[in-house]
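Notes follow the structure.
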Amino acid sequence: MVRQSKKHSILMVLMLVMGMVLAACGAQDVQSTAVSGATAAAPVVNTVVTGGQTAVAEPTAVAPIDTGMTAVATGTPATTGAGAAAPCPDKAGEEALIYSSLPMTGGSAAQIQTVIEGMRLALEQQDGKAGGYTIKYEPLDDATAAKGSWDEGQETENANKAIQDKASVYLGTFNSGAAAVSIPILNEAGIPMISPANTAINLTLPGNPEPKLFQSLYQNGPRNYFRVVPNDALQGAALANYAKELGVTQVYILHDQQTYGLGLASVFRDRAKELGIKVAGFEGIDPKAGSYSGVAQKVISSDSNALFFGGLDATGGPQLLKDLRSIQPDPDAVKFMGGDGINSTDFAKGVGAEGEGTYATVATANPANYEGRAKEFYDSYKAKYNKEPDPYAIFGYDSMGVALEAMNRACSNDPKAILEQLNELGQYDGALGNFTFDENGDTTLTSYYGWILKGDKYTFDREVSTQIEK
Amino acid sequence: MQDFLQILITGISLGSVFALIALGYTLVYGIIELINFAHGDLFMLSSFAALTVLDRLDIGFRDATGSKVLGMLAALIVAMIFGALVNVLIERLAYRRLRNAPRLAPLISALGMSFVLVQIGQSWKGSAPVSFPRPIANQNVLAPFGSPVTLGLNNLLTIVVTILLLIALSYVVNRTRIGKAMRATAQDRDASALMGIDINRTIAFAFLLGGALAGAAGLMFGQFTGTMAFQRGFEAGLKAFTAAVLGGIGNLTGAVLGGFLIGITQAFSDFYLDPRWTNSVIFGLLILTLVFRPSGILGDSTTQKA
């Protein structure tokens, strides 16, 4: 009898465990179908690139633009664009609410902190006001401690909270997968969403690598989503060019099976093939596994001279690198490369000395070489927080800046009026450069930069072309 | 063939860490039939303890062999003591009062404890993965024999420590007075109490042993992988628990066997199949085993518990 009940409880726990595993596998299946269809991403990419080129006369991201830069320090709106509106009537202390939804706990926490600090800085430079309203900015967390990264339930809750509390703008998300959750919810309510970090292609464009993703987003209203960071069609191409320049001839590609990682890895694979780099393998890894030594062995056995990882510091990046270096300690024999997801202080901290020589791109140049508006941002950030900004801080700064600018022009806290202004933004003189949003909500900036991990931080290497020259 | 042997070695080293954690599960289950969900997170916390010691001592590659060995030993001892004490504390706070409650109550209490430990881990070392110092160079111990396959010194160390601890544990459980008390308590708690065995002390001792093993696992895992993160306890705990069930829960040798099997399966699946199927393969193996041997590989109907 006693044994009977013992078996019973084991069975119960097992069912629980199986449930979790099955849930995980379900998600994998959806994504693997997406991969298999990902062969013809090229046309999409080309349109993006040419679109960006025609819209911006001067595609250097952080070039000094003009004299509008002193304006920030004095607290007046910093734009010089055509639509710069006359000051709005003061609404005498009425509040407008801005939420951000970013993973403040979990593996990306340190990086997110600097993004939020960038946002706060932009708000502070406008005396906490926009459109005549006093802005109440509240950062929401879309991660849970138990999961250690962004969580679907939490992101849903945040989006619904924004609707309930009548938020004017929703700044987020950080993870592309999280954006896929909140865009449809906010789309129905017409609340504009500005992301400082999402790079997955299908958040703004139809087609590969995940055609189903785009179809699910804007079904209940006009597009309400914008991003200040160039998407992965450009980043993937930049990484392929970077790899070629570094002398990579054969690459093994691994990804974390999530929207961002899988998407970037797919674009990279296609572009790398176009450049004549041999792709030895393309596989997903379990982002939470404690060890990838078997996978690393496979990479080494394939005789590739580079491992490309599509993923984040929080989805297995540091561990994968450590396992690779346990077998092959020479960073030049098998290079480790990735996108902006691993270009963070968290990644550098997690890999320690063995991370030496890791290559990662990000859409911002060396903060030390910032000029003009970017330099102003850098100086005021350093003065206020007394530390170097993470590469993503500047994107937080500009996403808040562009939101406030739209509110200033609309003289309103009504999300629909702000959305309209965002769609007709014209040239915005941001810290990232002079940019606007194209008809898909993508930024017209196109530059990506290569960085190398040296010591305990990434150092700027070079600008990398986002054009594929066959 | 070379790949095959290489992966086998990788799998065995990985498996030995799972085995150490699995021993803790099996020990506690054997004596009070509680699945201690907090065990994986205790492993994570003690790993952080070991990491802190190594960081403080600041032993690098260049130090003399003697100081490296001493440093590792210090980390091992601190981690084991830390794990043991925390585990005893958890038993006292979260499980003892619930010992005669319905089965679900301690189970939920264990889940809650697991969340508490995860939070402590996060506040302690932050949310990003932390680099784990590896003072001992992972040089190939097979190199002098001209073998094309490499067995890193660290990997060898992990395997040796696991086997030594298993032998020590078997000795304690089967040959000592307190071990006899544990076995008696496992068989019939009330009767043992009537025979004058201090039940609370005996159960606390089982938790003490389990926690010490988790501490050892924490250090060895860090040496094997080179990083530690606050959420790592869940995944490792889940696989170790699976190992314990696979080998026959309550059976010490079974837990170690299960650990090795899971480690080897994971390594082979990662290498020969698409790594995203690894978890499916591992749990598929578990289901298959349980269908034909419901009490695990070494567990039988008259399981001698603990």
Side-chain angles (χ1 to χ4, degrees), chain A residues 2-3 5-10 13-14 17-18 20-21 24-25 28 32 105-111 143 145-149 254 257 283-286 288-295 297-298 301 313-314 317-319 322-323 325-327 329 344-347 349-355, chain B residues 2-3 6-7 10-11 13-14 17 33 35 103-104 107 115 118-119 122 126-133 138 150 152 154 221 224-227 229-232 234-236 238-239 241-242 245 249 266-272 274-280 283 286-287 290 294-295 301 303:
Chain A
V2 176
R3 265 205 320 124
S5 65
K6 177 169 101 182
K7 256 186 211 166
H8 223 75
S9 76
I10 296 181
V13 171
L14 277 181
V17 167
M18 292 297 119
M20 291 179 196
V21 171
C25 295
Q28 287 168 3
S32 59
T105 40
S108 311
Q111 206 175 0
K147 215 172 159 191
S149 60
L254 296 171
Q257 309 184 51
E283 283 169 354
I285 57 167
D286 170 12
K288 281 197 167 163
S291 164
Y292 303 110
S293 35
V295 189
Q297 189 61 49
K298 184 151 66 172
S301 299
D313 44 23
Q319 187 55 52
K322 283 258 183 174
D323 287 333
R325 292 287 169 254
S326 293
I327 310 173
S344 68
T345 42
D346 277 347
F347 182 84
K349 207 173 88 187
V351 294
E354 285 153 281
Chain B
Q2 183 190 334
D3 279 344
Q6 190 63 61
I7 291 300
T10 307
S13 334
L14 186 61
V17 181
E33 292 179 13
I35 293 158
R103 304 187 74 84
L104 274 178
L107 199 72
F115 281 112
V118 168
Q119 271 302 329
Q122 193 190 10
S127 37
V130 191
S131 185
F132 206 105
N138 205 20
T150 55
N154 269 321
F221 185 79
F224 180 67
T225 62
T227 68
F230 79 102
Q231 11 29 349
R232 204 64 57 79
F234 176 78
E235 163 102 11
L238 187 64
K239 287 201 178 132
F241 171 65
T242 312
V245 174
I249 194 152
Q266 172 166 347
F268 274 103
S269 167
D270 275 356
F271 190 85
Y272 288 107
D274 195 321
R276 67 178 143 183
W277 292 110
T278 297
N279 277 346
S280 314
F283 286 96
L286 176 73
I287 295 174
L290 290 187
S295 47
S301 43
T303 309

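A, B, ... follow the sequence lines: proteins, then strands. Residue 1 opens every chain.
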query = Quick one: what part of B:Asp274 sits under 4.5 Å from any heavy atom of chain A, side chain, backbone, both or neither?
reply = both
query = What part of B:Gln2 is in contact with chain A, defined as an atom under 4.5 angstrom from a non-hydrogen atom: side chain, backbone, both or neither?
reply = neither
inquiry  = Show the nearest heavy-atom pair for residues B:Phe221 and A:Gly290, with the distance to one decimal.
reply    = CZ-O, 3.7 Å
Contact winner vs chain A - B:Arg232, B:Gln266, B:Gln119, heavy-atom pairs under 4.5 Å = B:Arg232
request  = Evaluate the side chain to side chain contact (heavy atoms under 4.5 Å, CB included) criterion for residues A:Asp286 and B:Thr278: first the C-alpha distance (whole Å), next the side-chain angles of each, then the deciding distance (0.1 Å), finally the verdict.
outcome  = CA-CA 8 Å; A:Asp286 170 12; B:Thr278 297; over 6 Å; no
query = Out of B:Gly152, B:Ala236, B:Ser131, which one racks up the most heavy-atom pairs below 4.5 Å with chain A?
reply = B:Ser131
ask   = Between A:Val351 and chain B, which part of the residue has a heavy atom less than 4.5 Å away: side chain, backbone, both or neither?
value = backbone
ask   = What part of A:Ala289 lies closer than 4.5 angstrom to a heavy atom of chain B: side chain, backbone, both or neither?
value = both
inquiry  = Strictly distance-based, threshold 3.5 Å: is any side-chain N or O of A:Lys298 a donor or acceptor partner for the main-chain N or O of B:Phe271?
reply    = yes
inquiry  = Taking CZ in B:Phe115 as the centre, count heavy atoms belonging to other residues, nucleotides or ligands within less than 6.0 Å. Is the count above 12?
reply    = no
request  = Among A:Glu354, A:Gln319, A:Lys322, find the residue that satisfies the side-chain hydrogen bond (donor to acceptor under 3.5 Å, both in side chains) test when tested with B:Thr227.
outcome  = A:Gln319
query = Does the side chain of A:Phe347 come within less than 4.5 Å of B:Pro129's, by heavy atoms?
reply = no
note = Highest number of heavy-atom pairs under 4.5 Å with chain A among B:Ala267, B:Gly226, B:Ser269 belongs to B:Gly226
ask   = Looking at A:Pro318, A:Gly317, A:Gly350, which makes the most heavy-atom pairs under 4.5 Å with chain B?
value = A:Gly350
key: Atom group of B:Val118 that falls short of 4.5 Å from chain A, counting heavy atoms   = side chain
query = Measuring from B:Glu235:CD to A:Ser291:OG, what's the distance to the nearest 0.5 Å?
reply = 10.0 Å
ask   = Which value, rounded to the nearest 0.5 Å, describes the distance between B:Asn154 atom CG and A:Ser326 atom OG?
value = 8.0 Å
ask   = Does the pair A:Glu283 and B:Arg276 meet the rule for a side chain to side chain contact (heavy atoms under 4.5 Å, CB included), with working shown?
value = CA-CA 8 Å; A:Glu283 283 169 354; B:Arg276 67 178 143 183; over 6 Å; no
inquiry  = As an exercise, state the distance from CD1 of A:Ile327 to OG1 of B:Thr10, rounded to the nearest 0.5 Å.
reply    = 6.5 Å
key: Atom pair CD1/CD of B:Ile7 and A:Gln297 - distance to nearest 0.5 Å   = 5.0 Å
